[in-house]
Amino acid sequence: MGNLKTGHLVEAGLWLLLALVLFIFSFEFNKPIEIYKFGASGWPRAIILMIVLAALGQLAWHWKRGEGGATSKLNAAADDSVEAPEDHSSLNWYAHTFAMVAIPFIYLRVPDFLGGMMGLPPDGLGTIKLLTAFPLMALFGWMAYRNQVGGMLALPIFFGALLEDMGFYALAPVFAMCVMYLMGERRIGWMAGVAAGVFGILLFMFVKLLYVGLPTGNIHPFYDFGTWIVTILQ
Amino acid sequence: MDAFTNFATGTVTLFSDPLGIALFFGGVIGGMLFGAIPGVSMLTLAAILLPFTAHLSAEHGIMLFSVIYCTGVYGGAITAILFNIPGAPENAPTAFDGYPMTLKGEAGKAVGAAVMCSAIGGTVSAILMMLATEPIAEWAISAFGPPEIFALVFFGLAVAASVGAKTLWKGWLSILAGLMIAVVGLDPVGGIERYDFEMPYLLAGIHFIPTILGFFAVSEIMVQAEKKATGAYKAPKISVDFPSFGELWAHKIAVLRSIIIGFFCGILPGIGATLAAFMGYNEAVRWSKERWEFGKGKLEGVISSETANNAATGAAMIPLLALGLPGGALTAMMVGVFQMHDMEPGPLVFINSADLVWVVFAAMFFANLSILFIGFLETKTIINLLRIPFQFLAPLILMLATVGAYAVRGLVIDVVVMFVAGVAGFFLRRTGYSVAGIVLGLILGKIGEQTFAQAMQMLHYEWTGYFSRPIGLSLLIAGLLTLGASAYRAFFAEPEPEGPPEDAKTT
């Protein structure tokens with residue numbers, strides 16, 4: 001095993017797995033192009049091969065050197081990596097965090113899937129989305145309370161996932177307050193004031209002055225709220 | 001008419017028209033402001049303004065965009081230095097040393113150097129652009145075809161693999177990951193869908209603006225959030241002490257080297273200022289006697305990167321105006337402005353619209369000069385953003401980033417991509433991978449594949465065809481040597497110390 005550690009094997013395994021998945025999917029577009037000998041899959045497969053070589057090279061390097069330091073002064077010079085704190089690098093922490101990151105994707109997939117199964121019209125789908133969103137929000141809140149850093153990682157993705165349906169105007173102030181809470185702020189007055197200030201600046205700058213159309217949402221009553229604000233401002 | 005007369009005529013035309021003056025100063029301040037606000041960039045402003053240019057003359061529209069380009073590239077350095085959030089990809093290497101300088105309480109010095117060097121690089125580049133556009137355009141047309149551009153992309157990626165990651169292997173894997181992300185969407189030759197997973201959004205590919213915002217802005221906030229949660233957070237120290245003339249003079253060689261690198265990289269279509277900045281930084285590290293100090297807050301790192309990326313702004317106009325080929329996102333938007341006015345950029349612009357060309361040249365020259373004066377004033381105010389507690393600044397940055405990502409194409413999924421990139425960046429940085437490398441791979445991937453396909457078709461799929469193309473051959477060999485040397489070093493050489501050698505400590 002040389003100087004290899006389990007982490008090195010997992011890292012190499014993930015890269016090789018990624019390469020394998022990408023290679024399998026490359027058959028979907030492995031079509032010839034009349035004017036180009038290598039076709040649509042030539043370039044991606046060359047990159048996949050290089051990923052495999054680099055992953056194996058890294059594994060061999062770890063085998064010889066272990067964790068090692070930077071392999072050159074150039075690497076040491078611009079290394080923008082960060083050290084993981086001990087209590088945030090356990091398997092438990094990763095599992096909990098990735099479970100939280102999965103919540104927004106559940107929201108993005110499940111309502112459409114259920115709506116499709118039930119053959120619902122768009123209005124009905126909105127109800128399903130609301131019924132899915134609120135329990136997921138509660139679950140997210142409970143998990144984020146126990147793991148604030150994980151919450152901070154997953155919260156923006158959840159915000160992004162809800163944006164299409166609930167709109168920027170309704171979500172942004174709540175999002176701002178949640179970010180402040182997860183970053184350790186507990187003074188409610190300050191949180192509300194900063195959220196209102198930030199929201200106001202953004203609305204004035206982008207909606208009032210520059211006429212940027214931000215997502216209004218497409219579920220009632222969020223859509224109505226978003227269009228009401230836009231109407232007032234413009 | 002010679003260049004000087006043309007320049008004088010362009011200057012008079014620019015400043016004799018009240019609307020032109022208003023647009024010029026609006027562009028200067030807007031570019032700096034949007035470049036310097038965390039989360040949005042000059043591209044956000046340009047995307048917002050693009051539809052409005054239909055109501056302006058072509059001259060005013062192109063002039064406005066060229067001014068935003070010059071000052072926006074500088075403005076992006078401010079956020080890179082203060083918050084580790086590059087305003088644009090070309091500012092990414094600025095963050096390598098600029099942000100550690102902020103953490104050390106030398107933000108003023110770093111921003112001051114960025115102001116000076118952006119102005120110097122940009123102004124020299126504008127002068128060179130005026131003097132050399134036509135001869136260089138003629139040379140570039142004959143000397144730089146797809147095989148040369150592909151060879152240059154290859155060389156640039158080979159060099160960049162050695163910057164930003166913990167080891168060379170991680171550097172290569174980062175760049176390869178970026179190249180793979182660039183594959184998503186339609187293939188550039190046959191228009192065949194790749195890795196779209198039947199999602200219409202992915203057909204257009206993954207846009208680099210949300211990705212950059214995610215990898216840099218969002219991941220940095222997540223890193224800081226973790227530090228706050230674990231009690232490891234240190235507020236940046238505030239200073240407005242600009243560098244002395246002596247400090248800047250000591251780096252004259254770095255400035256000169258970066259101007260040359262920046263200008264020549266900027267000329268090349270599709271690569272532009274990003275490669276210029278990476279190569280400028282990389283060469284500074286390579287030639288330095290104190291290489292171990294780079295990445296820990298060395299002034300020369302900021303100087304090299306900022307001089308090179310602004311030196312590329314003037315040069316980037318050469319392929320745009322002479323060949324109709326944009327060098328990056330903002331110059332691509334300029335093509336849109338031309339098209340809105342039923343014009344096509346290209347060699348005929350010099351004949352049919354000489355006035356327009358020289359007004360633009362004059363505007364770029366004065367925009368770069370104005371960085372020097374307005375930049376210092378702006379810096380004194382913007383640096384005070386650091387006084388705001390991070391828990392209050394974070395939601396502002398995240399929401400601005402949301403608006404910035406959404407404004408590019410009006411797609412919510414771009415916002416989701418940005419936040420996913422943020423989480424990916426958080427974990428990649430923990431494991432020693434380079435987010436800058438991924439971004440560079442993503443940006444150069446598309447043009448790399450396109451020029452590779454064109455080169456292979458031109459060379460009838462024979463690599464030996466490069467033997468009749470000395471520039472392309474030299475770049476390929478240089479790239480291969482860089483790869484070979486780094487592979488050798490990775491396997492056989494002893495790891496180099498991260499601190500100064502013993503003899504350096506005693507001197």
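Proteins get letters first, then strands, A, B, ... in listed order; numbering begins at 1 in each. The figures here come from the full heavy-atom set of this structure, side chains too, leaving out hydrogens, waters and symmetry mates. All values derive from a computational prediction rather than experimental measurement.
When the candidates Glu193(B), Arg194(B), Lys228(B) are compared by the number of heavy-atom contacts under 4.5 Å with chain A, Arg194(B) comes out ahead. Among the candidates Ala453(B), Gly191(B), Ala177(B), the residue making the largest number of heavy-atom pairs closer than 4.5 Å to chain A is Ala453(B). In terms of non-hydrogen atom pairs under 4.5 Å with chain B, the most contact-rich of Phe175(A), Tyr181(A), Tyr36(A), Phe168(A) is Tyr36(A). The candidate with the highest count of non-hydrogen atom pairs below 4.5 Å against chain A, out of Met399(B), Met222(B), Gln391(B), Glu449(B), is Glu449(B). Taking chain B as the reference chain and counting heavy-atom pairs below 4.5 Å, the highest number among Lys37(A), Met180(A), Met191(A), Glu34(A) is found for Lys37(A). Looking only at heavy-atom pairs under 4.5 Å with chain B, the residue among Val198(A), Ile157(A), Leu53(A), Val179(A) that has the most is Ile157(A). By number of non-hydrogen pairs under 4.5 angstrom with chain B, the leading residue of Gly7(A), Pro44(A), Ala176(A) is Pro44(A).
Interface with chain B: from residues 12-22 of chain A, residues Trp15(A), Leu22(A) qualify, criterion being any non-hydrogen pair under 4.5 Å.
By the neighbour-count criterion of 12 heavy atoms within 6.0 Å, atom CZ of Phe204(A) is sparsely surrounded, having that number or fewer from other residues, nucleotides or ligands.
Within the 4.5 angstrom heavy-atom criterion, only side-chain atoms of Leu202(A), from C-beta onward, approach chain B. Of the two parts of Phe392(B), the backbone and the side chain both hold a non-hydrogen atom closer than 4.5 Å to a non-hydrogen atom of chain A. Of the atoms belonging to Ser26(A), heavy atoms from both backbone and side chain fall under 4.5 Å from chain B. Interface remark: Leu179(B) contributes backbone and side-chain atoms alike to the contact with chain A (heavy atom separation under 4.5 Å). If you measure heavy-atom distances from Ala172(A) to chain B, the contacts under 4.5 Å come from both the backbone and the side chain. Both the backbone and the side chain of Ile35(A) come within contact range of chain B, each with at least one heavy atom under 4.5 Å from a heavy atom of that chain. Interface remark: Phe159(A) contributes side-chain atoms only to the contact with chain B (heavy atom separation under 4.5 Å). At a 4.5 Å heavy-atom cutoff, Met418(B) makes no contact with chain A through either its backbone or its side chain. If you measure heavy-atom distances from Gln148(A) to chain B, you find no contacts under 4.5 Å at all. With a 4.5 angstrom heavy-atom cutoff, Leu186(B) does not touch chain A via any of its atoms. When heavy atoms are compared at a cutoff of 4.5 Å, Val183(B) approaches chain A solely by way of its side chain, counted from C-beta outward.
Between Phe427(B) and Tyr433(B), the gap from one ring centroid to the other reaches at least 6.0 Å. Centroid-to-centroid, the aromatic rings of Trp43(A) and Phe38(A) stay 6.0 Å apart or farther. Annotation: Phe96(B) is not in aromatic contact with Phe294(B) [ring centroid separation under 6.0 Å not met]. Between Tyr195(B) and Phe25(A), the ring centre distance reaches or exceeds 6.0 Å.
The distance from atom NE2 of His8(A) to atom CG of Leu59(A), rounded to the nearest 0.5 Å, is 9.0 Å. From Leu459(B), atom CG reaches atom CZ of Phe150(B) across 10.5 Å, with rounding to the nearest 0.5 Å. To the nearest 0.5 Å, atom CH2 of residue Trp61(A) and atom CG of residue Leu56(A) are 15.5 Å apart. To the nearest 0.5 Å, atoms CD1 (Ile181(B)) and CD1 (Ile47(A)) are separated by 10.5 Å. Between the SG atom of Cys178(A) and the CZ atom of Phe140(A) there is a distance of 8.0 Å, given to the nearest 0.5 Å.
No hydrogens or angles considered: a donor-acceptor pair under 3.5 Å links the side chains of Thr94(B) and Ser305(B). Between the side chains of Tyr201(B) and Asp196(B), no donor N or O sits under 3.5 Å from an acceptor N or O.
The nearest pair of heavy atoms linking Val417(B) to Pro210(B) is CG1-CB, 4.5 Å.
The side chain to side chain donor-acceptor pair (under 3.5 Å) analysis of residues 153-172 of chain A, with sequence neighbours excluded, yields the pairs Tyr107(A)-Asp165(A), Lys129(A)-Asp165(A).
With respect to the salt-bridge test (charged N to carboxylate O, under 4.0 angstrom), the residues Glu11(A) and Lys5(A) do not qualify.
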